[in-house]
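These numbers come from the heavy atoms of this one structure, side chains and all, not from hydrogens, waters or symmetry mates. Counting starts at 1 for both ligands and their atoms, in listed order.
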Amino acid sequence: MAQLAILEYPDPRLRTKAQPVTVFDAALKQQVADMFETMYAAPGIGLAATQVNWHHRLLVIDVSEDKNQPLVLINPEILEREGEATGEEGCLSVPGIYDDVPRAARVRVRARDVDGGTVEHDLTGMLAVCVQHEMDHLDGKLFVDYLSELKRQRIRKKLDKERRERGSARAGSGQQKRQ
Ligand code: ZN
């Protein structure tokens, strides 16, 4: 297994629209294993392939406290969305930034598993929010896109400053949920 490098905003590669997965082989299983390792190490609750510069429609999620409920969704599509849930989100590709994003409260998702089988999930709460956040990544969209341009400018400045001052303590470590 290997930990993968996570792209950070405003890296233009995060804007790539991911292609469907068509081959369900050992290499795909390895990619899934590497993405889980990378997500757990970050630490984060979700990771889309786009964030590790692999532009296929694959995402991994685990919102459990004990990191023992891994969920893999390949070529996911949302069949139904219901209600509204706005909560604070963070992102492994936008380190240290947290803000409110409007999402559906419940989603029904159809996807493939690592063996190519079709699965459907009814998701609510943090799982529903996380799936919507990760699916945005596959379309080249980031949670900061829901914020005002002024906020995005501030975020870019803050991240630039942190990159220049590499080695200094970075804001927002493992306390908050990132995906
Ligand atoms: Zn994210």
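Geometric assessment of Lys141 against the ring of Tyr146 yields a positive cation-pi assignment under the 6.0 Å and 45° thresholds.
Screening Gln3, Lys67, Met35 against Tyr40 for a side-chain contact (heavy atoms from CB on, under 4.5 Å) leaves a single residue, Lys67. For the side-chain contact (heavy atoms from CB on, under 4.5 Å) with Glu134, the qualifying choice from Leu58, Ile61, Leu73, Thr50 is Ile61, the only one to do so.
Per residue His133, closest N, O or S atom to the Zn ion (ligand 1): atom name NE2. Atom NE2 is the N/O/S atom of His137 found closest to the Zn ion (ligand 1).
Between the side chain of Asp139 and the main chain of Lys17, no donor-acceptor pair closer than 3.5 Å is present.
Checking Gln179 against the Zn ion (ligand 1), an N/O/S atom falls under the 2.8 Å cut-off.
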